[in-house]
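First comes the structure, then the notes that go with it.
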Amino acid sequence: RQALEEMRALYERNQADVSEAKSGRTDLIFLIRFRHCCLLRNQRCLLAYLYDRLLRIRALRWEYGSVLPNTIQFHMSAEEVEWFSRYKKSLATYMKSVGGEEGLDLTQDIKPPKSLYIEVRCLKDHGEFEIDDGTTILLKKNSQHFLPRWKCEQLIRQGVLEHVLS
């Protein structure tokens, strides 16, 4: 906001000096050019900042999944939340278009797995959890289970489960 206010003030001063320079005061041209360079620099800095925020928001989709924790969403502007939502929908559309009928979840196995099953501990009550073979498991706080890695990764990222390293 400070940078935008500074840019607005520089622009207004430049507008006033340009009208004077048109009337014959050529000594103001260098000052106008200097202010214009300051405006361009501030613009580049703001665009770099916004681009970095978008990259971080995009990384949040891969880290936390399609639902962001409230603590993170609280620090995002309405436009950033809207951008996240559009990115999430775009990624979901792409994942449905590849990999056959069910699609391909690209957010799974971000790092190559060492084993297909892992031991996990439940950090909070989550309720019933169904595995592909139809087995349902009750995820209660402090319970430990041996589950397929690809079914657990999303819950691990959300903080529901914790990978137990023996």
Side-chain angles (χ1 to χ4, degrees), residues 1-114 118 120-127 129 149-163 165:
R1 289 189 182 113
Q2 272 183 312
L4 287 175
E5 288 300 319
E6 179 184 333
M7 288 176 71
R8 187 173 295 116
L10 287 171
Y11 181 77
E12 289 171 0
R13 280 190 258 152
N14 258 8
Q15 290 293 45
D17 287 348
V18 164
S19 61
E20 283 189 41
K22 284 182 181 178
S23 64
R25 286 197 57 196
T26 57
D27 60 319
L28 294 175
I29 292 176
F30 294 109
L31 185 58
I32 293 169
R33 284 186 181 170
F34 176 73
R35 283 193 198 123
H36 185 70
C37 288
C38 291
L39 283 168
L40 292 176
R41 179 196 166 277
N42 286 357
Q43 181 184 25
R44 283 192 310 272
C45 290
L46 286 173
L47 288 174
Y49 171 75
L50 291 173
Y51 182 68
D52 183 60
R53 286 208 37 117
L54 284 183
L55 290 179
R56 289 172 190 247
I57 292 169
R58 184 176 69 182
L60 289 173
R61 168 58 180 95
W62 292 87
E63 184 178 341
Y64 289 101
S66 60
V67 179
L68 290 177
N70 289 334
T71 56
I72 291 176
Q73 265 191 350
F74 177 74
H75 296 288
M76 294 170 59
S77 68
E79 292 81 9
E80 289 172 335
V81 171
E82 180 184 340
W83 188 89
F84 178 81
S85 177
R86 283 188 280 141
Y87 179 72
K88 176 177 65 173
K89 288 176 187 172
S90 176
L91 183 62
T93 302
Y94 176 74
M95 289 190 300
K96 285 179 186 175
S97 72
V98 295
E101 291 178 16
E102 293 181 19
L104 177 66
D105 190 359
L106 297 173
T107 61
Q108 299 266 328
D109 293 330
I110 293 174
K111 295 178 184 173
K114 293 182 181 178
I118 59 172
V120 292
R121 179 182 300 119
C122 193
L123 299 175
K124 50 185 158 183
D125 291 336
H126 184 69
F129 182 68
R149 173 184 295 274
W150 68 275
K151 289 292 272 185
C152 300
E153 279 199 347
Q154 195 72 24
L155 292 174
I156 291 172
R157 281 189 232 126
Q158 291 174 359
V160 175
L161 297 177
E162 170 186 52
H163 186 183
L165 301 171

**OP:** Would you sort out whether R1 and E5 count as a salt bridge (charged side-chain N to carboxylate O under 4.0 Å, His left out), showing the intermediate values?
**Re:** CA-CA 6 Å; R1 289 189 182 113; E5 288 300 319; over 6 Å; no
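Between L123 and G159 the shortest heavy-atom distance is CD1-O, 3.5 Å. Across L46 and A3, no two heavy atoms sit closer than the pair CD2-CB, 3.9 Å. Across all non-hydrogen atoms, the minimal contact from F84 to S66 is CE2-O, 3.7 Å. Across every non-hydrogen atom of M7 and L39, the tightest pair is O-CD2, 3.3 Å.
Residue H36 holds its NE2 atom at 13.5 Å from CG of L31, rounded to the nearest 0.5 Å. If you take CG on L28 and NZ on K22, they are separated by 13.5 Å, rounding to the nearest 0.5 Å. For the atom pair CG of L50 and CD of E80, the computed distance is 8.0 Å after rounding to the nearest 0.5 Å. With rounding to the nearest 0.5 Å, the separation of OG in S90 from CE in M95 is 10.0 Å. To the nearest 0.5 angstrom, M76 atom CE is 11.0 Å from E82 atom CD. Atoms CD1 and CD, from I72 and E63 in turn, are 7.0 Å apart once rounded to the nearest 0.5 Å.
Under the 4.5 Å side-chain criterion, counting only non-hydrogen atoms from C-beta, W83 is not in contact with E79. By the 4.5 Å heavy-atom criterion applied to side chains, L165 and H163 are counted as neighbours. Looking at heavy atoms from C-beta onward, Y87 lies out of side-chain contact with L54 at the 4.5 angstrom threshold. At least one side-chain heavy atom of I156 sits less than 4.5 Å from a side-chain heavy atom of I118. Proximity of R44 to L47: side-chain heavy atoms (C-beta onward) are nowhere separated by under 4.5 Å. Residues L68 and V81 fail the side-chain proximity criterion, which asks for heavy atoms closer than 4.5 Å.
Remark: L55 engages Y51, R58 in a side-chain contact (heavy atoms from CB on, under 4.5 Å) (not counting sequence neighbours). Under the side-chain contact (heavy atoms from CB on, under 4.5 Å) criterion, V67 pairs with no residue at all, not counting sequence neighbours.
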Under 3.5 Å donor-acceptor pairs involving side-chain atoms of residues 10-17, not counting sequence neighbours:
{"residue": "Y11", "atom": "OH", "partner": "Q15", "partner atom": "NE2", "Å": "2.8"}
{"residue": "N14", "atom": "OD1", "partner": "R35", "partner atom": "NH1", "Å": "3.3"}
{"residue": "N14", "atom": "ND2", "partner": "I32", "partner atom": "O", "Å": "3.3"}
{"residue": "D17", "atom": "OD2", "partner": "R35", "partner atom": "NH1", "Å": "2.5"}
{"residue": "D17", "atom": "OD2", "partner": "R35", "partner atom": "NH2", "Å": "3.2"}

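Heavy atoms of other residues, nucleotides or ligands lying less than 6.0 angstrom from CG of D52 number more than 12.
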